[in-house]
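Okay, structure first, notes after.
Note on naming: letters A, B, ... go to the chains in the order of the sequence lines (proteins, then strands), and numbering restarts at 1 for each one.
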Number of protein chains: 2
Amino acid sequence: MSRRFAATAPRGEQLLFLTDDQLRNGIELMFFAYRGFTADPDLLLEDYGYGRAHHRALHFVNRRPGLTVNALLDILGVTKQSLNRVLRQLVEDGLIDSRVGETDRRQRNLFLTESGKALERSLSESQRTRMRKAYMEAGPEAVHGFRTVLEQMIDPDMRPRVLGLVGDGDD
Amino acid sequence: MSRRFAATAPRGEQLLFLTDDQLRNGIELMFFAYRGFTADPDLLLEDYGYGRAHHRALHFVNRRPGLTVNALLDILGVTKQSLNRVLRQLVEDGLIDSRVGETDRRQRNLFLTESGKALERSLSESQRTRMRKAYMEAGPEAVHGFRTVLEQMIDPDMRPRVLGLVGDGDD
DNA sequence: TTGGATAGTCAACAAGACTGACTTAAAAAG
DNA sequence: CTTTTTAAGTCAGTCTTGTTGACTATCCAA
């Protein structure tokens, strides 16, 4: 009974009773939510013969235009060889523009072309729609909590690389 | 200025101004959080020569003892053949016990052995620790919001299969 | 008891990640 | 001006995990 109450945890302070079961619920929730979250773009990507890796590359190049390959590598946390395959395709297909660096000519600065932007938009559109709906349903307070917990979940030394975090603290 | 205010959305009602950029922030957040969330168990799994698929199987068999292969298939959303390889390994290695169904002898009911339970525990321990920390840092209200938004993100026809949702609505 | 549907298994193959060794070009250090 | 380091890209091989197709065993209904 008191277990059930703690498991529900509507917004009281009994959250300090964090049973392993409650935490496992959270784990499961993450799994299913992430799946729902990637389901729509995955379908679209198939039509293009692309995978999730392509989506990630498009996303981050869109958000950080002029990004170098190394920086992207660092963000994605994959190997150079793995990213390169994906990047080469995207450049060949005219979705990404790879320009020789101005100050350091060894570097390549990455930009989305117009068609790259178009694909990124249509890929993220389904995700944005889903997220907008979730945000609307859940309400502003829930969204704030959602963001707060998720930020805490990010690897600490990864946090500086997350754009959305800047100026989002509420302290 | 008003844009920046909306982007912060401390807990007011201006959440209706959901810019694409805010939503993309959420998308990015999901990406990084999920990565942080799986990082620890991934390391452990390597030592055993297992992958994430093994972890998922162990997790769900632990939470729903006696689960049939078909039911697990349905939860994981992969093909029977893909799951089977993983399952076979786990059975061979003595982590999962596969018992012929009592009413329907075609079915196999899955259970964790003692060593299966031990591995599941140590795998989820790192995740639970991370999640516990995130929950503590964020506070009870944030956790509630976190859960609410994540639930909304799950594919609607998947929701009945998520254990943690039962009796967790606050309506 | 025959035939179809369902539960699970086996085999071969493909995508996408990884490691390791290497090349090329440019920058930085000596 | 050489040498070393760094950024990027490539080739080859492996591993995990997904796929499709063909198969066995069991149940159930005609």
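Nucleic acid contact class of A:R56 (heavy atoms, under 4.0 Å, all strands): sugar-phosphate only. Within 4.0 Å of B:G101, counting heavy atoms only, lies no atom of the nucleic acid at all.
Rounded to a whole Å, the CG atom of B:N84 is 13 Å from the C1' atom of D:dC23. Summarising the geometry, the separation between CG on A:N70 and P on D:dT6 is reported as 11 Å, rounded to the nearest angstrom. In this structure, A:L87 atom CG and D:dA7 atom P are separated by 16 Å, rounded to whole Å. Rounded to an integer number of Å, the gap from CD of B:Q107 to C1' of D:dA25 is 13 Å. Following rounding to the nearest Å, A:L83 (CG) and D:dA7 (C1') show an atom-to-atom distance of 13 Å. Whole-Å rounding puts the B:D42 CG to D:dT16 P distance at 13 Å. Rounded to an integer number of Å, the gap from CZ of A:R105 to P of D:dG9 is 14 Å. Put simply, CG on A:L73 is 14 Å from C1' on D:dT10, counting in whole angstrom units.
Between A:T103 and A:Q89, the residue anchored closer to the 5' end of DNA chain C is A:Q89, taking for each the nucleotide with the nearest heavy atom. Both A:V78 and B:V69 lie close to DNA chain C; mapped to their nearest nucleotides by heavy-atom distance, the more 5′-ward contact belongs to B:V69. Of the residues near DNA chain D, A:D104 and A:R88, the one whose nearest nucleotide (by heavy atom distance) lies more toward the 5' end is A:D104.
Contact check for A:P140 versus A:H144: no side-chain heavy atoms found under the 4.5 Å cut-off.
Checked against a 6.0 Å centroid threshold, the rings of B:F37 and A:F31 do not count as neighbours.
Taking the six-membered ring where the residue is Trp, A:F146 and A:Y135 present perpendicular rings, their angle passing 60° and hence far from 30°.
Of the possible polar contacts, one joining the B:S115 side chain to the B:G94 backbone as a donor-acceptor pair under 3.5 Å is found.
Contact between the side-chain N/O atoms of B:H54 and the OP1/OP2 oxygens of D:dT17 is found at a separation under 4.0 Å. For the pair A:R106 and D:dT6, the criterion of a side-chain N or O lying under 4.0 Å from OP1 or OP2 is not met.
Chain A approaches DNA chain C over the interval C:dG16 to C:dA27, counting the first and last nucleotide 5' to 3' with an atom under 4.0 Å from its heavy atoms.
Remark: A:H55 engages no residue in a side chain to side chain donor-acceptor pair (under 3.5 Å) (not counting sequence neighbours).
For a distance-only test at 3.5 Å, the side chain of B:R85 qualifies as a donor-acceptor partner of the base of D:dG18.
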- prompt: B:D93 and B:Y48: side chain to side chain donor-acceptor pair (under 3.5 Å), yes or no, with the steps?
  reply: CA-CA 10 Å; B:D93 297 353; B:Y48 289 79; over 6 Å; no
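Looking at the side chain of B:Q81, the nearest of the listed nucleotides D:dG21, D:dA8, D:dT10 is D:dG21.
Cation-pi contact between B:R99 and B:F111: present, with separation from the ring centre below 6.0 Å and deviation from the ring axis of at most 45°.
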